[in-house]
Amino acid sequence: MKRIAIPIVKGKLSEHFGQCNHYELFEVDGKVIKSNELTVPINKDVEYLPIWAYEQGITDIITYRVDKRIISLFAANKINLFVGISIESPEFLIESYLNGT
């Protein structure tokens with residue numbers, strides 16, 4: 001089972017992981033979406049986000065950009081980063097993820 005986080009602004013992927021309106025979290029089992037929810041971390045400080053992601057059980061993050069200062073913190077918590085992803089809707093992005101594209 002995986003939990004995937006996508007930062008969202010105005011219904012599409014945010015340009016920066018830490019600068020978004022909310023995160024859409026998808027729980028997937030194989031290629032099946034089991035659930036999805038919207039969430040906003042209590043603390044939006046960029047250095048807190050890897051801790052928040054770990055506490056949420058997030059295994060993967062789909063994003064366009066992420067602050068270089070915190071990449072190692074995600075890696076230390078065994079959270080996979082998919083960076084440089086095109087700015088699309090979360091539904092399109094999760095389907096692409098599930099299809100391996």
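What's counted below: heavy atoms across the whole structure, side chains too, no hydrogens, waters or symmetry copies.
- Residue pairs meeting the ring pair (Phe, Tyr, Trp, His ring centres under 6.0 Å) criterion with at least one member in residues 28-47: none, sequence neighbours excluded.
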Identify each donor-acceptor pair in which a side-chain atom of residues 83-95 lies under 3.5 Å from a protein atom, sequence neighbours left out, and give them as a table.
from  : atom 1 : to    : atom 2 : distance (Å)
Ser89 : OG     : Phe92 : N      : 3.2

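- Evaluation of the side-chain contact (heavy atoms from CB on, under 4.5 Å) rule for Gln56 yields Arg3, Leu25, Trp52, Ile58 as partners, not counting sequence neighbours.
- Screening residues 4-18 for salt bridge (charged side-chain N to carboxylate O under 4.0 Å, His left out), with sequence neighbours left out, gives Glu15-Arg65.
- Taking a 4.5 Å side-chain heavy-atom cut-off between Ile, Leu, Val, Met, Phe, Trp and Tyr, the cluster of Met1 contains only that residue.
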Give the table of side-chain donor-acceptor pairs shorter than 3.5 Å for residues 30-39, with sequence neighbours excluded, one pair per line with atom names and distance.
from  : atom 1 : to    : atom 2 : distance (Å)
Lys31 : NZ     : Leu98 : O      : 3.4
Asn36 : ND2    : Glu24 : OE2    : 2.7

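- A distance-only check finds no donor-acceptor pair linking the side chain of Ser14 to the backbone of Val9 [under 3.5 Å].
- Not counting sequence neighbours, the partners of Val40 by the side-chain contact (heavy atoms from CB on, under 4.5 Å) test are His22, Lys44.
- Applying the ring pair (Phe, Tyr, Trp, His ring centres under 6.0 Å) criterion to Tyr97, with sequence neighbours excluded, gives Phe82.
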Self-check item: Full working for side chain to side chain contact (heavy atoms under 4.5 Å, CB included) between Thr101 and Ser96
Solution: CA-CA 5 Å; Thr101 58; Ser96 296; 3.5 Å; yes

Pairs of donor and acceptor atoms involving the side chains of residues 68-80, under 3.5 Å and at least two apart or interchain, shall be tabulated with distances.
from  : atom 1 : to    : atom 2 : distance (Å)
Arg69 : NE     : Asp67 : OD1    : 3.0
Arg69 : NE     : Asp67 : OD2    : 3.2
Arg69 : NH1    : Glu47 : OE2    : 3.4
Arg69 : NH2    : Asp67 : OD2    : 2.8
Asn77 : ND2    : Leu73 : O      : 3.1
Asn80 : ND2    : Asp60 : OD2    : 3.0

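- Around atom OH of Tyr64, no more than 12 heavy atoms belonging to other residues, nucleotides or ligands sit under 6.0 Å away.
- Remark: Thr59 engages Lys2 in a side-chain contact (heavy atoms from CB on, under 4.5 Å) (not counting sequence neighbours).
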